[in-house]
There are 2 protein chains.
Amino acid sequence: MDEPRWLNENEMAAWRGFVAATNLVARHLERQLKDDAGLSHTQYEILVQLSAAPDGSLRMTDLADRLITSKSGLTYQITQLEKAGLVGRRSCPSDVRGVFAEITEEGWRVLREAAPGHVAAVRAALIDVLTPEQLTGLADSLGTVSDRLRATDG
Amino acid sequence: MDEPRWLNENEMAAWRGFVAATNLVARHLERQLKDDAGLSHTQYEILVQLSAAPDGSLRMTDLADRLITSKSGLTYQITQLEKAGLVGRRSCPSDVRGVFAEITEEGWRVLREAAPGHVAAVRAALIDVLTPEQLTGLADSLGTVSDRLRATDG
DNA sequence: GCAGAACGGTTCAAATTTGAACCACCAGGA
DNA sequence: TCCTGGTGGTTCAAATTTGAACCGTTCTGC
């Protein structure tokens, strides 16, 4: 039981900044999306991921990995979006167990409708308040962090 | 309805990195704290904030602002922590409506117990994977983001 | 003083999230 | 072929989170 290496001032500032920015941005965008498009950020992200996939569909597990949520959480949200008609489920030909989530026409429409406002909010909160150099540095640092965690946590 | 300013490659990388790092770090620390100390990250943060306050206590609203959660959410968590004996409630002398949350001896004990493992996890996930220069840049950028959002969102 | 607005916390119902248990089903070796 | 160990998704109960409604209290301007 060694004496732990506490954070120095510089490290603490980075950590507090990370936690604060994380929560503030999340809350801000959550509200913006809910108010302007009636979607939660999770739901919006689902639509984005599906829309970016080759044929507008992804396997449940694949999608859960990208969203970084639990499998059961995804099942719940897909069911909600299905009720709303924004996505559908399709079974996988090569694996009976498999399920594809697929964005519908209506899903595309809602996404197109929501995107401009969301991008504007992301700009206002994060992008446009930083210099291009800062953005590059941020992308670089957070990319490293993500890669490491994906490697260790799976 | 102007054409929205979409994100360029650099901006998109920063944004995706932010979202990914945010979720991955949150999930990682949530698990670490739950496994090692039986606390949620929110609960841990409550203890940290109280322990750092002058006399180990803060007004509910003040605490909610620092944690960036809703008032009702804080009421719930303080109740949980109170049941567990880690914090107590004290009424405010100068304002009958006011309530102080106060860390208890047991709360201090649990916090001291949990801190080393948590700091180690924070180091492994964020601090030690970056250079000091990156950390400074990160603190700077995210500090800016937080300040702006606090100013606009309140 | 006093009416009315704003504040500080709690309560409530509804939505979401999580992990564990479960149920088929695929894959690989004996 | 037949086990056996994972895999892919769903189901379930329990914990958490949120916003709106609420209630007494404090503050303001008049």
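Letters go in sequence order (proteins before strands), and every chain restarts at 1. Keep in mind it's a predicted model, so treat the numbers as computed, not measured. When reading the values below, keep in mind they use all heavy atoms of this one structure, side chains included, and skip hydrogens, waters and symmetry mates.
Relative to the side chain of A:Ser70, the nucleotides C:dG19, D:dT16, D:dG19 differ in distance, and C:dG19 lies closest.
Counting heavy atoms from C-beta outward, A:Leu39 and A:Leu111 have side chains that stay 4.5 Å or more apart. With a 4.5 Å cut-off on side-chain heavy atoms, B:Val119 and A:Arg5 do not count as touching. Between A:Leu63 and A:Ile78 there is a side-chain heavy-atom pair separated by less than 4.5 Å. Looking at heavy atoms from C-beta onward, A:Asp95 lies in side-chain contact with A:Arg59 at the 4.5 angstrom threshold.
Residue A:Gln77 places none of its side-chain N or O atoms closer than 4.0 Å to OP1 or OP2 of C:dA15. The side chain of B:Gln80 contributes an N or O atom lying less than 4.0 Å from OP1 or OP2 of D:dT16.
The side chain to side chain donor-acceptor pair (under 3.5 Å) test with B:Ser57 singles out one residue from B:Arg89, B:Arg90, B:Glu102, and that residue is B:Arg90.
Taking CD of B:Glu30 as the start and NE2 of B:His28 as the end, the distance is 12.0 Å to the nearest 0.5 Å.
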Seminar exercise, completed: In 5'-to-3' order, the base (B), backbone-only (S) or no-contact (-) status of each nucleotide in nucleotides 1-14 of chain D, using a 4.0 angstrom heavy-atom cut-off, is -----BBSBBB---
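Residues forming a side-chain hydrogen bond (donor to acceptor under 3.5 Å, both in side chains) with A:Glu106 (at least two apart in sequence, or on another chain): A:Arg109.
Of the two residues near DNA chain D, A:Arg31 and B:Gln43, the one whose nearest nucleotide lies more 5' is B:Gln43.
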For this session: Carefully, step by step, assess A:Glu45 and A:Arg66 under the rule salt bridge (charged side-chain N to carboxylate O under 4.0 Å, His left out).
Result: CA-CA 9 Å; A:Glu45 277 297 311; A:Arg66 297 180 193 226; over 6 Å; no
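Direction change of the helix axis from one end of the helix from C:dG1-D:dC30 to C:dA30-D:dT1 to the other is 30°, with five pairs defining each end axis (rounded to 10°).
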